[in-house]
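Here's the structure, in structure tokens; my notes come after.
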Amino acid sequence: MPDLTLTTFDWVPEMPRGLVRDLRVRWALEEAALPYRVASVSFRDRGPAHFAHQPFGQVPWLTDGDISIFESGAILLHLGELSAKLMPPDPRGRAETMQWVLAALNSVEMASLPWAILRFNRVPDDTPGLKQLDDFLKLRLGHLEPVLAGREWLAGSFSVADILMSDVLRLVDLLGGLKDSPACADYLARATARPAFVKAKADQMAHFAAADAAR
Ligand SMILES: N[C@@H](CCC(=O)N[C@@H](CS)C(=O)NCC(=O)O)C(=O)O
């Protein structure tokens with residue numbers, strides 16, 4: 001049995017609650033019914049022990065015994081090796097899952113995150129670069145749309161690739177970016193209706209609410 005501890009911040013402001021990326025890891029752990037603990041690290045004071053696990057001073061990271069892994073994509077691939085509910089064990093299924101994990105992070109999130117930062121900050125429509133970022137994201141979503149219209153999940157059965165892709169799309173949707181992408185929106189609705197997502201999100205909200213109560 002693996003010995004899994006997920007580390008996230010002890011507290012964050014209201015805004016990112018429900019979006020902090022420990023949710024991706026919680027979701028995968030809940031899907032696979034793997035037992036795990038949640039540990040906290042200070043949001044305000046990030047010391048050398050934090051940077052030793054996550055060189056950018058961010059969260060999440062996961063320890064599995066004496067192995068420590070940062071980057072949500074790498075953590076989910078590690079968990080995929082532990083459960084067929086997260087990654088099909090056959091070579092074709094593994095390859096498909098891995099390619100979609102990378103596509104979620106390196107093709108879609110790479111376009112969506114800079115867009116989201118500007119949209120979240122409600123910059124004026126004539127902000128230099130905004131139109132290029134809008135167009136870049138639309139291009140990516142336009143290519144994802146027929147893929148998701150033709151299948152329920154990215155790599156055959158539900159996998160860590162779907163956790164990453166739908167979590168990337170969740171932020172786009174919150175900022176109004178899926179209005180012209182009905183298949184992406186339906187996929188996101190399917191993914192976030194899963195009991196494991198619902199529990200993971202509720203657990204993250206409760207974790208930060210408990211920190212408020214303790215302050
Ligand atoms: N590429 C990293 C990004 C991690 C990340 O952005 N973490 C955020 C929380 S969701 C964070 O720690 N933000 C605080 C900061 O950057 O100082 C991953 O996917 O794990």
Side-chain angles (χ1 to χ4, degrees), residues 4-31 34 36 38-64 67-82 86-87 97-121 133 137 140 154 159-175 177 188 191-192 197 199-212:
L4 302 170
T5 301
L6 165 65
T7 301
T8 187
F9 286 126
D10 56 351
W11 173 91
V12 295
E14 284 292 332
M15 183 276 144
R17 295 185 188 189
L19 293 168
V20 180
R21 288 170 197 208
D22 68 72
L23 199 151
R24 297 174 175 184
V25 185
R26 290 176 188 268
W27 185 357
L29 290 161
E30 295 294 336
E31 288 282 353
L34 287 164
Y36 64 101
V38 176
S40 293
V41 68
S42 174
F43 174 76
R44 296 197 188 282
D45 301 310
R46 302 179 201 178
H50 182 157
F51 282 85
H53 287 280
Q54 217 292 1
F56 305 103
Q58 297 182 309
V59 298
W61 73 82
L62 180 83
T63 56
D64 178 356
I67 302 171
S68 182
I69 316 161
F70 68 97
E71 283 294 337
S72 55
I75 296 169
L76 263 57
L77 285 173
H78 180 79
L79 294 177
E81 302 287 352
L82 302 182
L86 298 174
M87 182 156 68
T97 304
M98 287 191 265
Q99 80 183 358
W100 281 110
V101 162
L102 270 289
L105 300 177
N106 201 41
S107 294
V108 182
E109 189 167 51
M110 193 260 274
S112 65
L113 201 54
W115 173 89
I117 290 168
L118 293 190
R119 284 292 170 201
F120 176 74
N121 286 301
L133 289 176
L137 179 59
R140 287 286 189 266
L154 288 168
S159 73
V160 285
D162 297 299
I163 294 179
L164 288 163
M165 187 66 86
S166 56
D167 197 51
V168 168
L169 293 179
R170 211 156 58 88
L171 181 58
V172 176
D173 188 46
L174 281 172
L175 294 165
L188 176 60
T192 55
F197 171 82
K199 180 168 189 315
K201 185 168 177 205
D203 286 353
Q204 180 180 106
M205 298 305 280
H207 176 89
F208 295 129
D212 283 339

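Both ligands and their constituent atoms are indexed starting at 1 by order of listing.
- Considering only non-hydrogen protein atoms, atom 3 (C) of ligand 1 sits nearest to Arg21 NH1, 3.4 Å.
- Under the 3.5 Å distance criterion, the side-chain polar atoms of His53 are left unmatched by any main-chain donor or acceptor of Val59.
- Of all atoms in ligand 1, listed by their number and element, those nearer than 4.0 Å to a heavy atom of Arg46 are 14 (C), 15 (C), 17 (O).
- Atoms of ligand 1 lying under 4.0 Å from at least one heavy atom of Ser72, given by number and element, are 18 (C), 19 (O), 20 (O).
- The protein heavy atom nearest to atom 7 (N) of ligand 1 is Val59 O, 2.8 Å.
- Proximity to Pro60 (heavy-atom distance under 4.0 Å) selects the following atoms of ligand 1: 20 (O).
- Of the options His207, Lys199, Lys201, a side chain to side chain donor-acceptor pair (under 3.5 Å) to Asp203 is made by Lys199 and by none of the others.
- Considering both main-chain and side-chain atoms, Gly73 never comes within under 3.5 Å of ligand 1 through any nitrogen or oxygen pair.
- Counting protein heavy atoms only, atom 6 (O) of ligand 1 is closest to Gln58 NE2, 3.4 Å.
- For His50, there are no side chain to side chain donor-acceptor pair (under 3.5 Å) partners two or more places apart in sequence or in a different chain.
- In the model, Arg24 has a side-chain atom that pairs as donor or acceptor with a side-chain atom of Ser72 under 3.5 Å.
- Leu171 CG to Arg119 CZ: the interatomic distance, rounded to the nearest 0.5 Å, is 13.0 Å.
- For Phe9, the closest heavy-atom approach to ligand 1 falls below 4.0 Å.
- Comparing Glu71, Arg24, His50, Glu109 against atom 1 (N) of ligand 1, the shortest heavy-atom distance belongs to Glu71.
- Classification of Asp167 and Arg170 as a salt-bridged pair holds, one side-chain N sitting under 4.0 Å from a carboxylate O.
- When the salt bridge (charged side-chain N to carboxylate O under 4.0 Å, His left out) test is applied to Asp45, no partner is found at least two apart in sequence or on another chain.
- Polar contact with ligand 1: absent for Gln54 (N/O pair, distance under 3.5 Å).
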